[in-house]
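Accompanying notes for the structure given below.
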Amino acid sequence: MNILVLGSGGREHAIALKISQSPKTTKLFVAPGNAGTAAIATNIEVGVNDFKAIKQLVLSEKVDLVVVGPEDPLVNGIHDFFLNDELLKSVPVIGPQKAAAALEGSKEFAKQFMMRHNIPTASYESFKAETLEKGYAFLESLQPPYVLKADGLAAGKGVLILQDLEEAKNELKSMLVDSKFGNASATVVIEEFLDGIELSCFVLTDGTHYKILPTAKDYKRIGEGDTGLNTGGMGAISPVPFADAEFMQKIEQRIVKPTVEGLKKDNLPYVGFIFIGLIKVGDDPKVIEYNVRMGDPETEVVMPRLQSDLVEVLLAMANGTLNQIDLKIDNRTATTVMAVSGGYPEAYEKGMEISGTEMVEGSLVFHAGTKVSDGKVVTNGGRVLAITSFGNDFKEALKQSYQNMEKIQFEGMYYRKDLGFDL
Ligand code: AMP
Ligand code: GLY
């Protein structure tokens, strides 16, 4: 069959690689893709939110299945667009419809969903410009640190964690009244601060059944020791060593099951990946956030551990037969280390030539912000590439990723050398 993957990150490279290895795949397209996907699929210069151009592509290339990588097109309703189009409605889309994509698109919606279905999460209240004074009073009733979240999508920047009450009040005003994050902060969720260690759980669902993929932990801060600005993710480890069988049982019973059942009860059709951001408080998991897609760079460690045919799994999701699939997972640990452009996550330059990828041995190189220009592979984004390795434990796997990373060069290249420091 012909398959289209939408997106251009390391996540999409990792998904495309697994799809390309399936005997069921005839032609594989990635739109827009990167230099890594260009080597295993046909890149098409179409943006993920250009639904009209995606329609043309699906029809002209006879695409049989679409896998949506990032959240944006899902929140914008790409799945609904397919279902409402006579020519597209028979083409399955992996990714939820717009109504359920609000689990990521609106923090308030996600909180209400969790409250409705008794899913453990931080207690919260939400405010608008009209209720600014009530927001101040609520902040005064809390202990620091204060957690302020823009309701809508804010490119990963919409969460503020502040120690000082006056600063928290000022930021609340700036979000609600001065539109700090545009329309995304017209509503702000203020929630209880949860103290613990984070991990992510990935779930596949066909809307009725579910399968749990391996857990992963990513490293979000730019600086070593988890310091400095937030990034999309500087590396990841799977499985998470502290997520033992007992803890996983709690995650499944208290969070995964009620989430999938809740979607069904609320009549929110969902065929796709659910990324549940969790925090371990004491011995108990609580939900920090839902994402309606896979994580990046978590996918670069989760997908390589999946031994089952990904296309068979995706088809079972689309057909509602996920209960008939038995996921096979590699027991080893996988780690990935992300190399980024100098300056990221603030301003950085693009177009730096990348060398050394051909010298990498015993690891996988997943491209993120790269492209082919005049026959050369050059940087084209903040996060540039990720090197994934296997080991008997995370230390062994990381050693391999770091050894190979030393072979890669581009001007301004930076990566964190302390992943796993907290485990
Ligand atoms: P989010 O965009 O909701 O994932 O939040 C970004 C980051 O903020 C998370 O990965 C956590 O590190 C942190 N965070 C969010 N909510 C809380 C909370 N209630 N308590 C503590 N940390 C939080
Ligand atoms: N690595 C975090 C994310 O994909 O949102």
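Residues: numbered from 1 along the sequence shown. Predicted model, so just to flag it, every value in this text is computed and none were measured.
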Checking [X] side chain against [Y] main chain: does a donor-acceptor pair fall under 3.5 Å?
X	Y	result
Thr336	Ile387	yes
Glu171	Leu160	no
Lys18	Leu306	yes
Asp206	Leu322	yes
Ser389	Ser401	yes
Asn323	His209	no
Ser179	Phe181	no
Asp164	Glu166	yes
Lys24	Asp309	no
Thr205	Gly207	yes

- Does a sphere of radius 6.0 Å around CD in Glu411 hold more than 12 heavy atoms from other residues, nucleotides or ligands, not counting ones at 6.0 Å or beyond?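 Atom CD in Glu411 is not crowded, with 12 or fewer foreign heavy atoms closer than 6.0 Å.
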- Note on the structure: Result for salt bridge (charged side-chain N to carboxylate O under 4.0 Å, His left out) between Asp226 and one of Lys220, Arg416, Arg221, Lys217 points to Arg416
- Between Asp266 and Arg116, does a salt bridge (Lys or Arg N to Asp or Glu O under 4.0 Å) hold up when you go through it step by step? CA-CA 10 Å; Asp266 291 351; Arg116 206 161 43 240; 2.9 Å; yes
Identify whether the distance between the nearest side-chain nitrogen and carboxylate oxygen of [X] and [Y] falls below 4.0 Å.
X	Y	value
Glu300	Arg11	no
Lys107	Glu289	yes
Lys250	Asp284	yes

- Query: So, do Val68 and Ile78 sit near enough that their side-chain heavy atoms are less than 4.5 Å apart?
  - Reply: yes
- Item | Side chains of Asn392 and Thr333 in contact at under 4.5 Å (non-hydrogen atoms) |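 Result no, sub-4.5 Å side-chain heavy-atom pair not found.
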- Message: Less than 6.0 angstrom from the centroid, inside 45 degrees of the normal: does Lys417 satisfy that with respect to the ring of Tyr415?
- Response: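 Yes.
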- Query: What pairs of residues pass the salt bridge (charged side-chain N to carboxylate O under 4.0 Å, His left out) test when at least one of them lies in residues 132-146, not counting sequence neighbours?
  - Reply: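 Those involving residues 132-146 are Glu140-Lys169.
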- Message: Enumerate the salt bridge (charged side-chain N to carboxylate O under 4.0 Å, His left out) contacts for residues 315-339, please, sequence neighbours excluded, ordered by first and then second residue.
- Response: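 Found Asp330-Arg332.
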- Can you name the residues that form a salt bridge (Lys or Arg N to Asp or Glu O under 4.0 Å) with Arg305, not counting sequence neighbours?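 Expected list: none.
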- Item | For Lys264, salt bridge (Lys or Arg N to Asp or Glu O under 4.0 Å) partners two or more places apart | none
- Query: How are the rings of Phe421 and Tyr219 set to each other: parallel, tilted or perpendicular (split at 30° and 60°)?
  - Reply: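 The rings of Phe421 and Tyr219 sit tilted, inter-plane angle from 30° to 60°.
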Nearest non-hydrogen partners of [X] and [Y], listed with the distance:
X	Y	result
Asn34	Thr370	CB-O, 3.3 Å
Leu103	Phe109	N-CD2, 3.6 Å
Gly391	Ala397	N-CB, 3.5 Å

- I would like to know whether Tyr290 and Thr259 meet side chain to side chain donor-acceptor pair (under 3.5 Å); could you show each step before the answer? CA-CA 10 Å; Tyr290 287 109; Thr259 296; 2.8 Å; yes
- Message: Under a 3.5 Å cutoff, is there a donor and acceptor pairing between the side chains of Tyr146 and Glu191?
- Response: no
- Item | Polar side chain donor-acceptor pair, Ser106 to Asp151, under 3.5 angstrom |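 There is such a pair between these side chains.
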- Name all pairs fulfilling the side chain to side chain donor-acceptor pair (under 3.5 Å) condition that reach into residues 89-101, sequence neighbours left out, sorted by first residue then second. Glu86-Lys89
- Message: Apply salt bridge (Lys or Arg N to Asp or Glu O under 4.0 Å) to residues Lys257 and Glu252 and explain how you reach the verdict.
- Response: CA-CA 6 Å; Lys257 260 182 122 208; Glu252 177 163 8; over 6 Å; no
- Item | Aromatic contact, Phe138 with Phe127 (centres under 6.0 Å) | yes
Distance-only criterion, 3.5 Å: show the donor-acceptor pairs between side-chain atoms of residues 48-57 and protein atoms not counting sequence neighbours.
| from | atom 1 | to | atom 2 | distance (Å) |
| --- | --- | --- | --- | --- |
| Asn49 | OD1 | Asn76 | ND2 | 2.9 |
| Asn49 | ND2 | Asp72 | OD2 | 3.4 |
| Asp50 | OD1 | Ala53 | N | 3.2 |
| Lys55 | NZ | Asp85 | OD2 | 2.7 |

